[in-house]
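All remarks here apply to the structure that follows.
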Amino acid sequence: MNDSQLDSVYKHKEVEDKWYNFWIDKNYFHAKADLNKKPFTIVIPPPNITGILHMGHALNNTIQDILIRYKRMSGYIALWMPGTDHAGIATQNVVEKKLKEEGLTRFQLGREKFLERVWEWKDKYGSTIISQLKRLGASCDWQRLHFTMDEVHSNAVSEAFIRLYKKGLIYKGDYIINWCPRCETALSDEESQHKDLKGLLYYIKYPIKDSGEFITVATTRPETMLGDVAVSINPNDERYKNLADKTIILPILKRELKVIFDDFVDPKFGTGIVKVTPAHDLNDFEMGNRHNLKPILVMHPDGTMNHYAGKFEGLDRFKCREEILKDLENTGLLEKTVEHNYSVGHCYRCNTVIEPRLSKQWFVRIKPLAKKAAEAVRKGKIKFYPKRWTNVYLNWIDNIRDWCISRQIWWGHRLPVYYCRECLKRAGELTVDSSQLTEKTKSMNYELSTMNEKGIIVSKTKPEKCPDCGSTDLVQDDDVLDTWFSSWLWPFSTFDWPNLERDFTFFYPTTALVTAQEIIFFWVARMVMASLEFIGEVPFKDVYIHGTVRDSTGAKMSKSLGNIIDPMEVIDEFGADALRFSIISITAQGQDVFLSREKFGVGRNFANKLWNASRFILMNLDREVYVCYNGKFPLENSSLADRWILSNLNCAIRDIDNSLKAYNFNNAANILYEFIWHKFCDWYIEFVKPNITDIKVQFRLVYLIDNMLRLLHPFMPFITEELWQKFPHKGDSVMIASWPKADKSLIDKALDEKFGIIMNIVSAARNIRSEMDIAPSKNINILCVCPREEKRKLIEEFSAQIKFVAGADEVKLFKRLKKPKKSSYACAGDLQIYVPLEGLIDFAQEEKRLKGQCEKLSKEKDNLSRLLKNKEFLSKAPKEVVALQKVKSKEIAEKLAKLEDALNSLK
RNA sequence: GGGCGAUUGGCUCAGUUGGUUAGAGCGUCACAUUCACAUUGUGAAGAUCAGAGGUUCGAAUCCUCUAUCGCCCACCA
């Protein structure tokens, strides 16, 4: 007996920090380029600094850690590049909220002071998520921790911007963009999330000038009528041909509107006449361009109406809508209101209804980049797992529109763009109508017009003077770049691009990207574009898209719904290993995960089972094993059980490898669960228990545990390290131990069949025991009838074990035997088992039990005989299948006959 | 409007290239605590694989249609 006594329950709290610190101290997470080895690289999807770890992160990072640990053990130089994202709008919102509590706005503070506050906030809270990742066990190379606002990244961002600008792929232009009136910034199309709303369609009468007649237009946003400059009709619409030279009077404002004819208008929708508001609707804007109409912007950036709105000036857009409707109703111009379902964009950060707004913004001309990115995927240079995302990606990228990259916020990478006021003045471009600007927009200076290239200087640092006119009156553009403009460089900016060195050459392109479906467009596609553009290579080879984490009702987990399960609480209660294992084992490839608290019991119980199996072995381990363990499984004098478990171990290794290679993580986890619990613990340990003092048995157990711990380590890093260290082992840590290799020569399916005979006997005996209500304290005798010599020998060999696990006094073997009186019967495979019950037998119960079995068998027999009479089956099915069915049929018939005999002899 | 996913025992999900006995886990029921583990063990009950049609000797699996749920995309005034 060994003196190292373990608790009977695995206590994760005493283990996790200890080993994490140990790994850190040993510097195991650091990946150093080594040309003699192969690289395996993953860049982390950088979590927002505003974020705290949620279950989506837990899933995402567990998957990455599994891959990284697996590959690291397999001999790769495995680099997991960590970092965080500055998350422009999100972070700015958080800090602004805090300011509000102090009664401050960012404008009162000014840009510089405000940014100081954001950095303060970042220093204080920005690393929360990093420490949470550590608790999860993430083996990131923390020496390389990056942040998207670090200098390296700012430099990369400027570099990218300038290169694209010089290639003519970045431009500034007037366009209808998605405007969030709460964040007061432009958003990309991807940042505007469409939601279906039940709304109303308002039919409004517009008077025809000097006629006393009206036309009717339909709109969902009446407030935008204040910006109408025309009404539009399909040129083929016979109904309205007479309106061609008429003038329409805009109600309320009494402005005169032209009538234009445009194919865009669908005669079947509404009245077939559309109001045209080029400053607040994309289609209207395009129509306006086609017909040379001058747009009228009627709102301030904060969504209140400006002076073009006349008496509605100062009202919020929705309040304005109400007032206009009242007004129209009072003047009899509101013809009708009908219910109408439509979809409206919402800000992905604050959920405010997006206002389409004419605005001067910076755009990336994306089609040339997208073309290459589509090609790379079509040619198979990048593969999606599961495959179906390929089409989603391609569909998006084939229909891509230019990317609006400027944001009117302060937290982010400021555009590397400077304006020469002198040049702009001379070009007449500096035309800010200050009466239109609120305090906010004034400070942002955002309407500074720069359509003329002259006067625009794109540069990483502020130039001393204008290269054209020599003026020193230069100002930097106030806007910052979309957060994703730094994210899309992430796979190579983390390698200090454009100053690429050894590490880059070694580790790039990265191997796999693990992410959620939500950001395929935001991030995945754009990284592909950026890498192809700036590096000339794909950024990664595999993209694994995992599902969304939902609660048990299927709702997406979110703070606002209050259905969050906090991973930190789960780690406290169940342990990090339990969290990791549970979430992985229930996540089929690419399927959404439905979580509830109870599900973490699976992992915890599994950890405890492993703990106790190890405890049992450790309790019985001789010192000699510690001294002499050489990592081998002693095959001399090995039994069927030994060869069986060894075959199954190698089978498991092979299948786990295949599963991991195919990104089937749940499969791999379940193979381990099945092997460790139901093969190793349930059968193997039970079978070696009688011989536990045998040193060879101990070596074998240690070998098996050693292998299991290695295989399980990527999934459950903490408990495997804790146990591995307690067992005889070579090396300093399981996390750098070598990954087991499957020895296919040891895999033998015949062993399963042979060992299955033993298992069947035990199961049959247990079944009888249970169904016949035989108390566990009462021992039984098992009479085994088996005509075949070799099988009898086999059973003989294991009689001690069978006795042990089935609670039998004796296992007697017979070549032939007339059914003994007063005994219960069972068939186990092709052999028969009797358990004499000496007066204890309840005939009625036994009859019922046997009849039940008979029924099952005869159904099966009927099915098979029908099949075997089917001529077409016999002629068309492969010979092997037919032969197999014949054998089966014969076996079943025999079994059934014997069962019926047993049943009859009861009477 | 277009696309995708799901539908399998009470619940949550597996199910590789079609092969005839559809698997787990949780839950349920019964029994068990001298046993490494009650976070346990043993046994049992429980599913005509959403529906219809088709291909095939043979379909949970392949095809078509339908239904329900969910997601994504889209410039439906």
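Computed over heavy atoms, backbone and side chain alike; hydrogens, waters and symmetry mates excluded. Residue numbering restarts at 1 for every chain, and letters A, B, ... go by the order of the sequence lines.
Across all strands, A:V265 comes closer than 4.0 Å to base atoms (heavy-atom distances). A:V274 comes within 4.0 angstrom of a base, heavy atoms only. At the heavy-atom level, A:D266 lies under 4.0 Å from base atoms of the strands shown. In this structure, A:L867 reaches the bases: a heavy-atom distance under 4.0 Å links it to at least one base atom across the strands shown. Nucleic acid contact class of A:F269 (heavy atoms, under 4.0 Å, all strands): base. Heavy atoms of A:F521 sit under 4.0 angstrom from primed sugar atoms or phosphate atoms, though from no base atom. Nucleic acid contact class of A:P878 (heavy atoms, under 4.0 Å, all strands): base. Looking at heavy-atom distances under 4.0 Å, A:K275 makes no contact with the nucleic acid at all. Note on A:H280: nothing from the nucleic acid sits closer than 4.0 angstrom, heavy atoms only. Residue-level contact check: A:R388 touches the backbone only, with heavy atoms under 4.0 Å from sugar-phosphate atoms and none from bases.
When each of A:K599 and A:L201 is assigned the nucleotide of RNA chain B bearing its nearest heavy atom, the one mapping closer to the 5' terminus is A:K599. Sequence order on RNA chain B of the closest nucleotides to A:T220 and A:L864 puts A:L864 first from the 5' end.
A salt bridge links A:K11 to A:D7: at least one charged side-chain nitrogen sits closer than 4.0 Å to a carboxylate oxygen. With respect to A:E686 and A:K689, a salt bridge is recorded, a charged nitrogen being found less than 4.0 Å from a carboxylate O. Under a 4.0 Å N-O distance rule, the pair A:E722/A:K726 qualifies as a salt bridge. Between A:R401 and A:E190 no salt bridge is recorded (no basic side-chain N to carboxylate O distance below 4.0 Å). Salt-bridge check for A:E573 with A:R597: passed, with a basic side-chain N closer than 4.0 Å to an acidic carboxylate O. Looking at A:E355 and A:R221, a side-chain N of the basic residue comes within less than 4.0 Å of a carboxylate O on the acidic one, giving a salt bridge.
Here A:N605 reaches the OP1 or OP2 of B:U40: one of its side-chain N or O atoms lies under 4.0 Å away. Checking the phosphate oxygens (OP1, OP2) of B:A77, a side-chain nitrogen or oxygen of A:H340 falls inside 4.0 Å. In terms of phosphate contacts, A:N767 brings a side-chain nitrogen or oxygen within less than 4.0 Å of OP1 or OP2 of B:A44. Taking side-chain N and O atoms only, A:W677 has a distance below 4.0 Å to OP1 or OP2 of B:G41. In this model, the phosphate group of B:C71 is not approached by any side-chain N or O of A:H194 to a distance below 4.0 Å at OP1 or OP2.
Taking every side-chain heavy atom of A:Q885 into account, B:U20 is the closest of B:U20, B:C37, B:C71. Proximity note for A:N608 (side chain, C-beta onward) versus B:A36, B:C37, B:A74: the nearest is B:C37. In this structure, the nucleotide among B:G43, B:G25, B:C76 sitting nearest to the side chain of A:Y673 is B:G25. If you check B:U20, B:A36, B:C76 against the side chain of A:I685, the one that comes closest is B:A36. With B:G43, B:C57, B:C71 as the candidates, the nucleotide lying closest to the side chain of A:K876 is B:C57. Minimum atom distance to the side chain of A:D682 is reached by B:G41, of the listed B:A44, B:G41, B:A74. Nearest to the side-chain atoms of A:F873 among the listed nucleotides B:A36, B:G19, B:C4 stands B:G19. In the set B:C71, B:G43, B:A36, B:A36 carries the atom at the smallest distance from any side-chain atom of A:R615.
Put simply, CD1 on A:I400 is 13 Å from P on B:C73, counting in whole angstrom units. Taking atom NZ of A:K609 as the reference point, atom C1' of B:C35 lies 12 Å away to the nearest angstrom. Atom P of nucleotide B:A74 and atom CD1 of A:I354 are separated by 13 Å, given to the nearest angstrom. Here B:G2 presents its C1' atom at 14 Å from CG of A:D398, a figure rounded to the nearest Å. Regarding A:N620, its CG atom lies at a distance of 14 Å from the C1' atom of B:C37, rounded to whole Å. Put simply, CG on A:L660 is 18 Å from P on B:U16, counting in whole angstrom units. The nearest whole Å value for the distance from the CG atom in A:L6 to the P atom in B:C37 is 12 Å. Across the protein-nucleic acid pair, A:Y684 atom OH and B:A36 atom P stand 17 Å apart, rounded to whole Å.
Between B:A14 and B:G25, the distance separating the two C1' atoms is 10 Å to the nearest Å. Taking atom C1' in both B:U55 and B:G18, one finds a spacing of 11 Å when rounded to whole Å. Nucleotides B:A38 and B:U33 are separated by 13 Å at their P atoms, to the nearest Å. A gap of 12 Å separates the P atoms of B:U16 and B:U7, to the nearest Å. For B:A77 and B:U17, the P atoms lie 44 Å apart once the distance is rounded to whole Å. Separation of the C1' atoms belonging to B:A6 and B:C13 is 12 Å when rounded to the nearest angstrom. The P atoms of B:G10 and B:G5 are separated by 27 Å, rounded to the nearest whole Å. The same atom, C1', is picked in B:C65 and in B:C26; the two are 36 Å apart, to the nearest Å.
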query = How far apart are the C-alpha atoms of A:Y385 and A:H546, what are their side-chain angles, what is the distance that settles it, and do they pass the ring pair (Phe, Tyr, Trp, His ring centres under 6.0 Å) test?
reply = CA-CA 8 Å; A:Y385 297 84; A:H546 60 249; over 10 Å; no
inquiry  = Let's go through A:I584 and A:L59 carefully: what are the C-alpha distance in whole Å and the side-chain angles of both, what is the deciding distance for side-chain contact (heavy atoms from CB on, under 4.5 Å) to 0.1 Å, and is it a yes or a no?
reply    = CA-CA 7 Å; A:I584 287 301; A:L59 173 63; 4.2 Å; yes
query = Pairs counted as Watson-Crick or G-U wobble with both distances under 3.5 Å: what dot-bracket string results for RNA chain B, using | for bases tied to another strand?
reply = (((((((..((((.....[...)))).(((((.......))))).....(((((..]....))))))))))))....
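Remark: the A:S232 side chain and the A:K275 side chain contain no N/O donor-acceptor pair separated by less than 3.5 Å.
Applying the side chain to side chain donor-acceptor pair (under 3.5 Å) criterion to A:D281, with sequence neighbours excluded, gives no partner residue.
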Listing, residues 662-675 of chain A side-chain donor-acceptor contacts under 3.5 Å, not counting sequence neighbours, or none:
| residue | atom | partner | partner atom | Å |
| --- | --- | --- | --- | --- |
| A:Y663 | OH | A:D542 | OD2 | 2.7 |
| A:N667 | ND2 | A:S659 | OG | 3.3 |
| A:N670 | ND2 | A:N666 | O | 3.1 |

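With hydrogens and angles left out, the side chain of A:E686 and the base of B:A36 share a donor-acceptor pair within 3.5 Å.
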